[in-house]
Protein chains: 2
Amino acid sequence: MTYASEHIAVALREARENKGLSQRELSKRSGVPQSHISKIESNNVDLRLSSLASLAHALDLELALIPRKAAPAVRSITRSTTLQSDRGNADALRELVRAQRALAALPAAMHDSGAAQTLQKNLSEMNNFRNVIQESDALRQMRIAIETVSNSDGMKRLQEIAKDAQRIRNMLAHSIGQISNETARSKPAYRLDEEDSDG
Amino acid sequence: MTYASEHIAVALREARENKGLSQRELSKRSGVPQSHISKIESNNVDLRLSSLASLAHALDLELALIPRKAAPAVRSITRSTTLQSDRGNADALRELVRAQRALAALPAAMHDSGAAQTLQKNLSEMNNFRNVIQESDALRQMRIAIETVSNSDGMKRLQEIAKDAQRIRNMLAHSIGQISNETARSKPAYRLDEEDSDG
DNA sequence: AGAAATGATCTACTTTAATATATCGATACA
DNA sequence: TGTATCGATATATTAAAGTAGATCATTTCT
């Protein structure tokens with residue numbers, strides 16, 4: 001609406017997309033209705049501080065009032081911590097989240113197997129490469145495989161998937177060696193727990 | 001109201017007091033009614049982004065959404081630029097502003113005199129010592145003297161006042177030598193112009 | 001004692017954010 | 001082709017922010 005709120009709207013949308021969240025997912029986390037999030041991100045509403053705080057909290061952001069003369073320094077810090085993902089990265093992030101969910105949704109029986117645990121560990125470690133991850137296709141196939149594993153003959157298939165995951169993780173760990181080591185950890189890792197925590 | 005808004009409320013009040021503004025003065029600058037500012041600073045209202053933006057703008061503040069992990073760094077920057085004044089300092093700042101106003105309100109005739117100009121220069125330079133200035137009594141007497149100068153026999157009295165101002169300024173300039181030189185300039189200087197600028 | 005400025009509080013009225021819910025067209029996938 | 005999810009919109013209702021303006025008790029200075 002106003003000029004000042006435009007930056008806020010853009011910042012919120014970018015933060016959400018960088019976390020691979022849909023508006024409906026963010027709605028669940030923040031308690032703000034999806035329809036309202038849409039209006040906010042489109043800068044079509046003069047939102048209240050409580051709404052902004054809810055969204056910011058759900059996005060691991062903090063609201064700050066900074067002196068104008070300190071603003072450039074703050075912007076540079078924020079920029080360095082918020083390298084926005086390219087399209088392929090965002091896709092990959094989304095698939096990674098889906099894969100974790102699919103794994104979590106598996107029946108308890110096979111969820112305790114060694115294969116499932118190494119799979120979970122590898123998916124979890126991939127979160128450390130949120131910035132560089134690009135393998136959306138591989139992750140999508142893995143997600144689908146996980147989703148269908150309960151239907152097929154189970155354990156054997158799960159072991160293969162776990163091996164695939166290990167392979168992808170190793171590749172990421174290798175590639176990260178020749179990129180800056182700090183930027184790789186600059187984004188907060190997605191956590192599957194705390195699904196609907198606050199109120 | 002909410003927990004998150006408490007910091008905002010406190011930050012706004014501190015910023016206002018550090019600038020030596022009353023709620024009514026800030027109201028004129030920001031367009032937000034004084035009664036509303038009172039409620040906002042008391043954290044008794046869930047204010048809208050537009051209100052917050054208006055106040056922030058009038059106080060030379062900027063609203064920022066920063067990643068949680070960058071928050072400590074940002075806080076430290078903000079702290080270093082926003083050393084809040086102690087009570088005596090705030091009083092002195094208020095008197096300084098009043099003195100500048102009193103000088104500006106002087107009739108044009110004596111406003112052009114050399115004494116008035118050196119007085120203005122010295123008052124202006126005192127703004128560079130916003131953090132350390134404590135001489136509220138001296139400044140109050142000076143302000144009163146300026147206010148009454150138009151009634152008495154004028155020019156001669158004004159010259160004495162200008163000398164007093166010079167003396168205070170020199171003392172401040174001397175004391176600042178043995179304090180950090182950067183903190184002395186860390187607060188934005190008050191500017192008498194731009195009285196009612198925005199809308 | 002009187003005058004002036006402070007922040008907090010009240011009234012009355014208008015505007016609008018926020019919510020719950022449903023739906024829309026578009027895109028992606030089987 | 002049918003299913004699912006995406007963001008954007010529409011509706012109706014409720015709760016509360018925002019505004020203008022007066023008033024109050026305190027404090028400060030004449």
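Quick note on labels: first sequence line is chain A, next is B, and so on, each numbered from 1. Predicted model, so just to flag it, every value in this text is computed and none were measured.
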| When the distance from CD1 of A:Ile37 to C1' of D:dA8 is rounded to whole Å, what number comes out? | 13 Å
| field | Short side-chain N/O contact from B:Ser22 to OP1 or OP2 of C:dT6, under 4.0 Å | value | yes
| query | Quick one: ring-ring contact (aromatic ring centres under 6.0 Å, His included) pairs with a partner in residues 6-26 of chain B, sequence neighbours left out? | reply | B:Tyr3-B:His7
| request: If a protein heavy atom is under 4.0 Å from the base, mark B; if only from the sugar-phosphate, S; if neither, -; do that for nucleotides 18-30 of chain C going 5' to 3'. | output: SS-B-B-----SS
| field | Set of side-chain hydrogen bond (donor to acceptor under 3.5 Å, both in side chains) partners for A:Ser22, sequence neighbours left out | value | A:Glu25
| request: Please confirm whether the backbone N or O of B:Val32 pairs with a side-chain atom of B:Ser27, one donor and one acceptor, at under 3.5 Å? | output: yes
| task | List for me each residue that meets side-chain hydrogen bond (donor to acceptor under 3.5 Å, both in side chains) alongside B:Arg48, sequence neighbours excluded, and say none if there are none. | result | none
| request: Measure the distance from CG on B:Leu21 to C1' on C:dG7 and round it to the nearest whole Å. | output: 14 Å
| message | The criterion is side-chain hydrogen bond (donor to acceptor under 3.5 Å, both in side chains); which residues satisfy it with B:Arg24, sequence neighbours excluded? | response | none
| request: Return the set of residues passing side chain to side chain contact (heavy atoms under 4.5 Å, CB included) with B:Ser35 (not counting sequence neighbours), or none when no residue passes. | output: B:Pro33
| query | Restricting to pairs with a member in residues 31-40 of chain A, which pass salt bridge (Lys or Arg N to Asp or Glu O under 4.0 Å), not counting sequence neighbours? | reply | none
| task | Work out how much the helix from C:dA1-D:dT30 to C:dA30-D:dT1 bends between its end axes, five pairs an end, to the nearest 10 degrees. | result | 40°
| query | Can you check the A:Asn44 CG to C:dA17 C1' distance for me, whole Å? | reply | 13 Å
| query | Which residues pass the side chain to side chain contact (heavy atoms under 4.5 Å, CB included) test with A:Ala71, sequence neighbours left out? | reply | A:Ile66, A:Arg75, B:Glu62
